[in-house]
Amino acid sequence: MQLERRQFPDSFVFGAGVSAYQVEGNRLHLRNNDWDDYYAAHRNHQPYTNKEIGPDWWTYPKAEHDIDIAKDLGLGSLRIGIEWARIEPRKGEINKVAIKRYREIIDYIHSSGLTPLITLNHFTLPYWLGKEGGYTSSNFASSFKRYSEFIADNFGDVKNWLTLNEPTMTLTNQYLSDAWPPRKARVRSAPTVLENMRRANHLAYDCLKTKIPDSEVGSAHTMIWVEPYSRRSLFQKSWASIINYFLNKMPIDKVTEGGNMADFIGFNYYTGCFIKPVPRLTGLVMREEEYGVPKTYPPCFEIVLPGKYRMDTGWPIVPEFFIHSLEYLHKKFPAKPIVITENGIADEKDKYRSFYILTHLAALQQAILKGVDVKGYYYWSSVDNLEFMAGYKYKFGLISIDHETGERKVRPSAQLYKEIATSRQIDVEGLIKKYLPLDQQMPAREVIFNLK
Ligand code: BGC
């Protein structure tokens with residue numbers, strides 16, 4: 001890629017996102033959600049908090065304050081979530097107070113001149129549904145349909161929707177491994193879960209399209225893109241394709257029914273890795289020390305982390321793989337535009353966030369130049385939020401939040417994002433000189449120049 005100024009298409013949307021559970025707070029008090037017991041059980045251990053201040057969006061006017069900042073940053077859209085457990089805390093019972101608070105937040109987004117993009121389900125479920133078997137329940141899809149109908153009836157002024165967030169993560173962390181509560185792997189249920197998600201997406205898609213005819217409805221999918229360590233090895237290439245198929249490709253295809261049950265493909269991209277064969281049977285299950293979460297890796301393979309820099313979670317920063325995964329999505333669903341529904345970095349000290357945003361947006365532009373239809377980008381997350389399993393430990397936000405006092409500060413890297421969003425272009429050299437520390441300037445130029 002040339003190190004020149006490059007424009008984004010006129011209709012391109014710049015935004016930032018959060019999910020309901022990760023910013024609303026008040027969980028220990030409510031206890032109506034399938035994750036609440038987990039947080040309650042860990043509340044005295046950092047990084048979990050027993051004070052529950054954090055972003056605290058449920059308390060007026062905390063969300064409004066952060067929406068003001070998003071507006072000041074020149075963003076055109078905000079991705080937020082609606083928490084099913086708040087809307088329907090007991091089966092069939094609708095909570096009017098919850099509707100009222102969501103109404104306030106959505107009205108505020110609209111009156112600030114921003115467009116809301118709303119997620120209906122971001123991993124968490126009402127407690128009663130968890131007890132019925134959660135995603136394995138034969139009632140899951142019909143319950144989701146009922147909830148979607150209710151939401152469409154009450155929030156028909158919202159035109160942009162995501163039904164489910166990252167089916168792959170639910171599958172791998174809750175069913176194929178015991179990483180997420182209730183911490184019991186239920187491998188045999190995985191096909192049922194995937195099928196239930198397909199049905200739920202289908203029913204919610206139909207419902208939103210019927211009740212809000214001018215709406216755009218999709219679902220958000222993650223890809224941890226895997227590439228062979230040696231591009232010349234046919235063996236490694238074949239393995240990378242197999243892993244990408246099961247981990248990244250198949251769930252999107254299945255849930256969206258080949259793209260037919262989606263107006264756009266929501267894509268969450270954070271990182272990628274190389275795989276390299278090792279002559280032993282290691283790597284089948286590795287323990288991640290920090291919060292005891294087992295991670296399953298393919299047998300006989302070693303994960304090699306590409307790129308020069310790592311985020312606080314240890315994930316490598318690999319904008320190059322962003323292009324490859326975007327090209328795959330475009331090839332697979334040529335008629336569907338793509339929206340980047342999440343892309344971001346855990347970086348408490350804001351050391352690499354400018355590098356990350358700049359190089360990933362440059363990669364995205366390169367993909368557009370190669371013919372990939374991308375119509376929007378949501379940085380994740382607008383504010384520091386509660387990470388699933390890690391509590392308030394990792395800081396993804398453009399806006400930092402002291403989780404004990406609730407104090408907000410706009411991180412310096414947010415200014416870089418603002419400059420791109422408001423000028424609608426990337427002035428590569430100008431931004432590098434203005435926002436990147438000296439030691440990251442050459443690496444940024446090299447990464448951007450070599451984007452293919
Ligand atoms: C999830 C977010 C989460 C982010 C960073 C994504 O997979 O959708 O909820 O905060 O990863 O861990």
Side-chain angles (χ1 to χ4, degrees), residues 15-25 27 33-35 38-39 47-48 54-55 57 66 78-85 117-125 135 162-174 176-177 179-181 197 218-225 247-248 251-252 255 265-273 288 290-291 293 295 310-318 321-322 325 339-348 352-353 356-357 360 377-401 403:
V18 291
S19 82
Y21 194 82
Q22 292 176 271
V23 294
E24 288 174 353
R27 301 309 327 171
N33 181 298
D34 65 341
W35 275 74
Y38 174 79
Y39 283 107
Y48 312 101
W57 272 29
D66 295 339
L78 264 190
R79 175 184 174 195
I80 64 164
I82 288 184
E83 183 63 48
W84 189 352
L117 165 65
I118 299 193
T119 316
L120 288 176
N121 169 256
H122 199 116
F123 304 140
T124 59
L125 297 175
Y135 293 95
L162 290 166
T163 54
L164 302 169
N165 183 66
E166 298 188 350
T168 314
M169 285 295 128
T170 301
L171 265 180
T172 50
N173 290 335
Q174 228 174 343
L176 297 177
S177 76
W180 283 0
M197 286 186 159
S219 41
H221 300 270
T222 189
M223 287 206 214
I224 300 169
W225 196 252
L247 187 67
N248 296 320
I252 310 183
V255 170
I265 305 292
F267 177 30
N268 298 351
Y269 177 86
Y270 288 88
T271 190
C273 60
E288 200 173 275
E290 229 158 21
Y291 34 94
V293 179
K295 294 256 164 177
R310 310 270 175 265
M311 23 181 129
D312 292 348
T313 47
W315 306 346
I317 298 175
V318 211
F321 289 11
F322 191 23
S325 42
V339 175
I340 307 306
T341 36
E342 289 181 29
N343 176 244
I345 171 172
D347 184 15
E348 183 168 9
Y352 299 120
R353 190 172 280 101
Y356 187 95
I357 296 175
H360 282 77
Y377 173 92
Y378 290 77
Y379 176 82
W380 185 273
S381 48
S382 76
V383 296
D384 284 345
N385 59 24
L386 183 89
E387 275 296 305
F388 292 99
M389 302 305 293
Y392 292 111
K393 182 178 166 90
Y394 295 122
K395 317 282 187 188
F396 281 86
L398 292 171
I399 305 168
S400 78
I401 297 192
H403 75 258

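Sequential numbering from 1 along the given sequence is applied to the chain's residues. Whatever order the structure lists them in is the order used to number ligands and atoms, beginning at 1.
- Looking only at atom types and distance, the side chain of Y356 has a donor-acceptor partner in the side chain of N343 under 3.5 Å away.
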Audit row: Y135, L125, side-chain contact (heavy atoms from CB on, under 4.5 Å) steps and yes/no: CA-CA 9 Å; Y135 293 95; L125 297 175; 3.6 Å; yes

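- Relative ring orientation between F388 and W180 is described as tilted, the plane-to-plane angle lying within the 30° to 60° band.
- For atom 7 (O) of ligand 1, the nearest protein heavy atom (residue, atom name, distance) is E166 OE1, 2.5 Å.
- A tilted orientation is assigned to the rings of Y269 and H360, their planes being inclined by 30° to 60°.
- Atom 8 (O) of ligand 1 has its nearest heavy-atom neighbour, among M169, E342, M389, in E342.
- Here's the thing with W315: none of its N/O atoms is less than 3.5 angstrom from an N/O atom of ligand 1.
- In this structure, F123 has its ring center no closer than 6.0 Å to that of Y21.
- Of the protein's non-hydrogen atoms, the one nearest atom 4 (C) of ligand 1 is Y270 OH, 3.4 Å.
- Ligand 1 places these atoms under 4.0 Å from at least one heavy atom of H122: 1 (C), 2 (C), 8 (O), 9 (O).
- Set against the non-hydrogen atoms of F388, the atoms of ligand 1 under 4.0 Å away are 9 (O).
- The single protein non-hydrogen atom nearest to atom 5 (C) of ligand 1 is E387 OE1, 3.3 Å, given as residue, atom name and distance.
- Side-chain contact between F321 and M223 is absent, with no heavy atoms from C-beta onward closer than 4.5 Å.
- The backbone N or O of Y392 lies less than 3.5 Å from no partner atom in the side chain of E387, so there is not a single donor-acceptor pair.
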Criterion side chain to side chain donor-acceptor pair (under 3.5 Å) on W84 and N121, from CA distance to verdict: CA-CA 7 Å; W84 189 352; N121 169 256; over 6 Å; no

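- Contact annotation for Y269 and ligand 1: no heavy atom of the residue comes within less than 4.0 Å of the ligand.
- Between Y394 and ligand 1 there is no heavy-atom distance shorter than 4.0 Å.
- Ligand 1 lies nowhere less than 4.0 angstrom from a heavy atom belonging to T222.
- For ligand 1, the atoms closer than 4.0 angstrom to any heavy atom of Q22 are 2 (C), 3 (C), 9 (O), 10 (O).
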